[in-house]
Amino acid sequence: MNRYSLNQATTKYWPLEDVVAASAEAGLSWVGLWREPIQEYGVEKSAKLVADAGLRISSLCRSGFFTSTDPAERRAKIEDNRHAIDEAAALGTDVLVLVSGGLPPGSRDLDGARAMVRDGLAELAPCAEERGVRLAVEALHPMFCSDRCVVSSLGGALDLAEQFPANQVGVIVDAYHLWWDADLYRQIERAGDRICSYQVSDWVVPLPADTLLGRGMMGDGSIELRRMREACDAAGYTGPVEVEIFNQDLWDRPGQEVFDLALARYREHVD
């Protein structure tokens, strides 16, 4: 269990103090943080809270969103990413999760949007290296390609990451977004030391009307979570395994109840 990390987004309405206290009481080593609530709580204050509890931060989610055809908006996005790099460094994590962004409004130029992601990485990667942070490109399920993430496969994420040194740009292996891909296990082997995190949840059907909130608790769906974890291990990844679930029903339940359930399901289906 020394690899288990609960991303605070899994218990969205549970205060950070409670997430950290529960993780420490359970004897865990890691916790995953989300930018917006951390900014609200205070970056330095968050770092101290986690450190005082004897925990480390597995990742900071999320930044990116590079795809814009408006120069001023694009510059603003780059600056926000620079702030995110500084936040990650201040928190003491070396993993900043990046979601690329979808197609710009009115555009059908998928290749152009992906080029914007590449250019954004090129601008930020040296800055991230200076701060001891690695940019972790996360591919999202193809259903999010138009509006949220033009990087839709682990192979596509690696095609971007491999244009940069491995200590600057890596990838996220998120079970929910990647499990469907017939080429997945070959791509995990290819990823090797570029794997920055393995994130787990489950794929349950039917999907809700808001597909962003469609992630299920481990064991409730279709994904071979342990097989994917073992593949990441075989590729050389030994870092935290992060539980990250967006699900309104879970968010509406008491935080401790969800925490206990996630821990039990991790033991049963992932560890």
Side-chain angles (χ1 to χ4, degrees), residues 1-38 41 46-47 49-62 91-95 97 136 138 172-179 195-204 208 212-234 237-271:
M1 294 304 297
N2 62 345
R3 299 178 69 184
Y4 178 92
S5 178
L6 183 77
N7 188 295
Q8 71 178 127
T10 304
T11 52
K12 183 175 181 178
Y13 307 135
W14 210 26
L16 178 63
E17 294 98 329
D18 294 338
V19 176
V20 169
S23 297
E25 185 176 349
L28 304 178
S29 301
W30 301 92
V31 64
L33 301 184
W34 199 265
R35 281 190 76 199
E36 286 79 5
I38 291 306
Y41 188 82
S46 299
L49 177 71
V50 173
D52 287 350
L55 301 172
R56 297 171 62 190
I57 298 167
S58 52
S59 74
L60 178 64
C61 294
R62 57 185 165 57
L91 289 165
T93 181
D94 61 355
V95 178
V97 180
E138 181 172 11
I172 301 293
V173 178
D174 188 313
Y176 179 79
H177 292 299
L178 301 177
W179 73 278
I195 300 175
C196 296
S197 179
Y198 175 42
Q199 295 182 336
V200 296
S201 58
D202 217 333
W203 183 279
V204 294
L212 187 64
L213 305 185
R215 302 188 190 203
M217 180 61 68
M218 294 82 71
D220 286 348
S222 309
I223 305 178
E224 294 180 294
L225 294 166
R226 181 172 286 112
R227 181 186 176 194
M228 289 180 66
R229 193 265 301 159
E230 290 172 345
C232 290
D233 291 354
Y237 180 67
T238 60
V241 178
E242 198 169 277
V243 175
E244 185 188 68
I245 306 175
F246 306 149
N247 183 297
Q248 191 64 55
D249 289 339
L250 289 176
W251 289 347
D252 290 338
R253 292 164 67 174
Q256 187 67 54
E257 179 182 317
V258 176
F259 181 93
D260 293 341
L261 177 62
L263 198 55
R265 292 294 188 86
Y266 174 88
R267 289 189 174 108
E268 183 178 359
H269 297 286
V270 183
D271 194 25

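Note: hydrogens, waters and symmetry copies are ignored here, and every other heavy atom, side chains too, is used. In what follows, residues are counted from 1 in the order of the sequence shown.
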Go through it in stages, so that I can follow the logic: the residues are Tyr198 and Leu225, the test is side-chain contact (heavy atoms from CB on, under 4.5 Å), and I'd like the CA-CA distance, side-chain angles, deciding distance and then a yes or no.
CA-CA 10 Å; Tyr198 175 42; Leu225 294 166; 3.9 Å; yes
side-chain contact (heavy atoms from CB on, under 4.5 Å) evaluation trace for Ile38 with Leu16:
CA-CA 8 Å; Ile38 291 306; Leu16 178 63; 3.8 Å; yes
Evaluate side-chain contact (heavy atoms from CB on, under 4.5 Å) for Asp220 paired with Arg265, printing each intermediate quantity in order.
CA-CA 9 Å; Asp220 286 348; Arg265 292 294 188 86; 2.9 Å; yes
Working note: Glu138 + His177, criterion side-chain contact (heavy atoms from CB on, under 4.5 Å); need CA distance, chi angles, decisive distance, verdict.
CA-CA 9 Å; Glu138 181 172 11; His177 292 299; 3.6 Å; yes
Side chain to side chain donor-acceptor pair (under 3.5 Å) between Glu242 and Ser58: does it pass, once the steps are laid out?
CA-CA 7 Å; Glu242 198 169 277; Ser58 52; 2.5 Å; yes
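Panel note: side chain Ser5, backbone Gly32; a donor-acceptor pair is recorded below 3.5 Å. For the pair Trp30 (side chain) and Asn2 (backbone), a donor-acceptor distance under 3.5 Å is present. Checking side-chain atoms of Asp18 against main-chain N and O of Gln256 turns up no donor-acceptor pair under 3.5 Å.
Contact record, Leu6 with Phe259: CD2-CD1, 3.6 Å, taken as the closest heavy-atom pair. In terms of heavy-atom proximity, Glu244 sits nearest to Cys61 at OE2-SG, 3.5 Å. Counting all heavy atoms, side chain and backbone alike, Ala262 lies closest to Val243 at CB-CG1, 4.3 Å. What you find for Asp271 and Arg229 is that their closest heavy atoms are C-NH2, 3.1 Å. Between Asp252 and Tyr13, the shortest heavy-atom distance links the atoms OD1-CE1, 3.8 Å. Smallest separation of non-hydrogen atoms from Tyr237 and Ile195: CD1-O, 3.4 Å.
Between the CD atom in Glu257 and the CG atom in Leu250 there is a gap of 9.0 Å [rounded to 0.5 Å]. Separating the CD atom in Glu268 from the CE atom in Met218 is a distance of 10.0 Å, to the nearest 0.5 Å. Between the CZ atom of Arg226 and the OH atom of Tyr266 there is a distance of 9.5 Å, given to the nearest 0.5 Å. With rounding to the nearest 0.5 angstrom, the NE2 atom of His269 is 8.0 Å from the CG atom of Asp202. Taken to the nearest 0.5 Å, the CD atom of Glu17 stands 3.5 Å off from the OH atom of Tyr41. In this structure, NZ in Lys12 is found 4.0 Å from CH2 in Trp251, a value given to the nearest 0.5 Å.
Using a 4.0 Å cut-off between charged side-chain N and carboxylate O, Asp249 and Arg253 make no salt bridge.
In this structure, the side chains of Gln199 and Ile172 come closer than 4.5 Å at one or more pairs of heavy atoms.
Applying side chain to side chain contact (heavy atoms under 4.5 Å, CB included) to Thr93 and the options Val31, Leu60, Val50, Leu33 leaves one that passes, Leu60.
Atom CD of Glu36 has more than 12 heavy atoms from other residues, nucleotides or ligands within 6.0 Å.
Trp179 is linked by a ring pair (Phe, Tyr, Trp, His ring centres under 6.0 Å) to Trp203, counting only residues two or more places apart in sequence or in another chain.
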